[in-house]
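Reading through the C-alpha cells given below for one structure.
Just so you know, ligand 1 is whichever comes first in the structure, and atom 1 is the first atom listed for that ligand.
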Amino acid sequence: MSLSPDQQAEIEDLRARPQQTLRTVAPGIEAHLYTAHPVLDHGFVRVIDYMGDDAAICQAARVSYGKGTKSVQNDEGLIRYLMRHWHSTPFEMCEIKLHVKLPVFVARQWIRHRTANVNEYSARYSILDREFYIPAPENVAAQSVINNQGRGDTLQGEDAARVLDMLKADSTRAYDHYQEMIDENGIGLARELARMNLPANVYTQWYWKVDLHNLFHFLRLRADAHAQYEIRVYAEEMCRIVADWVPFAYKAFEDYRLGSVSMSAQMVACLQRMLRGEEVTQETSDMSAREWREFKSVIDG
Ligand SMILES: Cc1cc2nc3c(=O)[nH]c(=O)nc-3n(C[C@H](O)[C@H](O)[C@H](O)COP(=O)(O)OP(=O)(O)OC[C@H]3O[C@@H](n4cnc5c(N)ncnc54)[C@H](O)[C@@H]3O)c2cc1C
C-alpha cells in the first residue's frame with residue numbers, strides 16, 4: 001500500500017483532533033477511524049465515518065425514547081433474535097462510510113451491490129497513479145477444472161514467472177502510453193480519453209457508504225469462499241472492522257448467515273429420513289445431481 005507522506009500526515013492530523021459529541025460513540029470503531037488498512041499490493045480500506053452501534057439496533061427495534069439498552073445480555077439476545085428471524089430494518093439504522101482503494105476489475109464486481117452510495121475518483125479530471133495490481137506468486141493459479149468460475153492449482157516455475165512478467169510489462173507499457181498521450185507539453189489528449197488505454201488492474205478509489213443490513217449482505221456474498229480472492233480479501237478486512245464496531249451484531253451475522261446453510265424442502269425431507277435411519281440416495285432424494293452434491297457436502301462436512 002502506498003500512502004504519500006502528505007496523505008499520512010492528513011490522517012494523523014484527523015486522528016489528533018478528538019471532538020466532544022452527544023452522538024453514539026462505538027469505541028471499537030473509533031480505533032479504526034481514518035486509518036488505512038492495507039489490502040492487496042496497493043489497496044486499502046479505511047473508515048471515514050459511522051453511525052450507531054449495537055445499542056442503536058436495539059433502540060430502533062424497541063422504538064425507544066432513551067438509549068434502548070435494557071442490559072447487555074438482553075441486547076445481545078434481541079440482536080440474535082432479529083438476525084435469526086430476518087428482521088432487517090433495525091440493522092439499517094447503523095451506517096458506515098468507507099474510503100476504498102481497489103483495482104478496477106474488483107470495482108466492477110463491487111459496484112453490482114446497488115444498495116450503497118458511491119463517489120468514485122474522477123479519471124476525467126485527475127491523473128491516475130502508476131499503480132497496478134500484480135498478484136503475489138501464490139495467487140497466480142490455473143483455470144479450475146471443476147468450477148468454470150474459479151481458479152485451481154497455483155502455477156509453478158516458468159509459467160508463473162512468465163505470467164508475472166507479462167502483467168508487469170503490459171501495465172508499464174500501457175501507463176507509459178497514457179502519460180505520453182496526456183502530456184500537456186506533447187500530445188495533450190483529454191484524460192477522459194487517454195484512460196481507456198489502461199488495463200483493468202489499475203487502481204481506482206471511492207467513498208462507499210452503506211447501512212449495516214446491506215453491508216452484511218455484501219459480506220455474506222463477498223467474504224464467502226466462492227467469491228474471487230481479490231474481492232474476498234477486502235470483505236475479510238471489512239469483517240474485522242465490523243466485528244470491532246458492532247460485536248453482538250457481527251457475532252449474530254457469523255452464526256446465522258456466514259456459518260449457516262439454507263436447505264430446500266427436499267433437503268429437509270431427506271435429512272429427516274436419514275435421521276430415522278433410512279438409506280437415501282440421489283435417485284430417491286427428489287433432487288438433481290448438483291443439489292444432491294451440495295446437500296452431501298453440507299451433511300458430510
Ligand atoms: C460468487 C459470485 C458470482 C457472481 N457471478 C456473476 C456473473 O457471472 N455475472 C453477473 O452479472 N453477476 C454476477 N454476480 C453478481 C450477482 O449476481 C449480484 O449482482 C451481486 O452479488 C449483487 O447482489 P445483490 O443484487 O443481491 O446486491 P444489492 O444490489 O446490494 O442488493 C441487495 C438486495 O436489494 C434488493 N434489490 C436491490 N436492487 C433491486 C432492484 N433493482 N430490484 C429488486 N430488488 C433489488 C435485492 O433483494 C438484493 O438482493 C456474482 C456474485 C457473486 C457473489
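At least one protein heavy atom sits closer than 4.0 Å to atom 32 (C) of ligand 1. Of the protein's heavy atoms, at least one falls inside 4.0 Å of atom 25 (O) of ligand 1. Within a 4.0 Å radius of atom 18 (C) of ligand 1, the protein contributes no heavy atom. Using a 4.0 Å threshold on non-hydrogen atoms, atom 47 (O) of ligand 1 does not count as touching the protein. Within the 4.0 Å cut-off (strictly below), no protein heavy atom is located near atom 43 (C) of ligand 1.
Between Arg191 and Glu184 there is a salt bridge, with a side-chain nitrogen of the basic residue lying less than 4.0 Å from a carboxylate oxygen of the acidic one.
Considering every non-hydrogen atom in both Gln205 and Lys101, the closest pair reads CG-CG, 3.7 Å. Here the closest non-hydrogen pair linking Tyr207 and His99 is CE1-CG, 3.6 Å.
For Gln109, the closest heavy-atom approach to ligand 1 does not fall below 4.0 Å.
Below 4.0 Å from some heavy atom of His217 lie the following atoms of ligand 1, by number and element: 24 (P), 26 (O), 27 (O), 32 (C), 49 (O). Near His226, meaning under 4.0 Å from one of its heavy atoms, ligand 1 places the atoms 1 (C).
For atom 30 (O) of ligand 1, the closest non-hydrogen atom of the protein is Thr115 OG1, 2.6 Å. Atom 11 (O) of ligand 1 has Arg112 NH1, 2.7 Å as its closest protein atom, hydrogens excluded (heavy atom only). From the protein, the heavy atom lying nearest to atom 20 (C) of ligand 1 is Arg222 NH2, 3.9 Å. Looking only at protein heavy atoms, the nearest one to atom 3 (C) of ligand 1 is Gln149 OE1, 3.6 Å.
Ligand 1 has a nitrogen or oxygen under 3.5 angstrom from a nitrogen or oxygen of Arg114.
Put simply, SG on Cys239 and CG on Leu215 are 8.0 Å apart, with the number rounded to the nearest 0.5 Å.
Residues passing the side-chain contact (heavy atoms from CB on, under 4.5 Å) test with Gln156 are Thr154, sequence neighbours excluded. Listed by chain and number, the residues in a side-chain hydrogen bond (donor to acceptor under 3.5 Å, both in side chains) with His213 amount to none (sequence neighbours excluded).
Classification of the Tyr50-Trp245 ring pair by plane angle, with boundaries at 30° and 60°, yields perpendicular. Using bins of under 30°, 30° to 60° and over 60° for the plane-to-plane angle, the ring pair Trp110/Phe218 lands in the tilted bin.
Neither the backbone nor the side chain of Gln228 comes within 4.0 Å of ligand 1, counting heavy atoms alone.
Side-chain contact check for Arg232 versus Arg222: every heavy-atom pair is 4.5 Å or farther apart.
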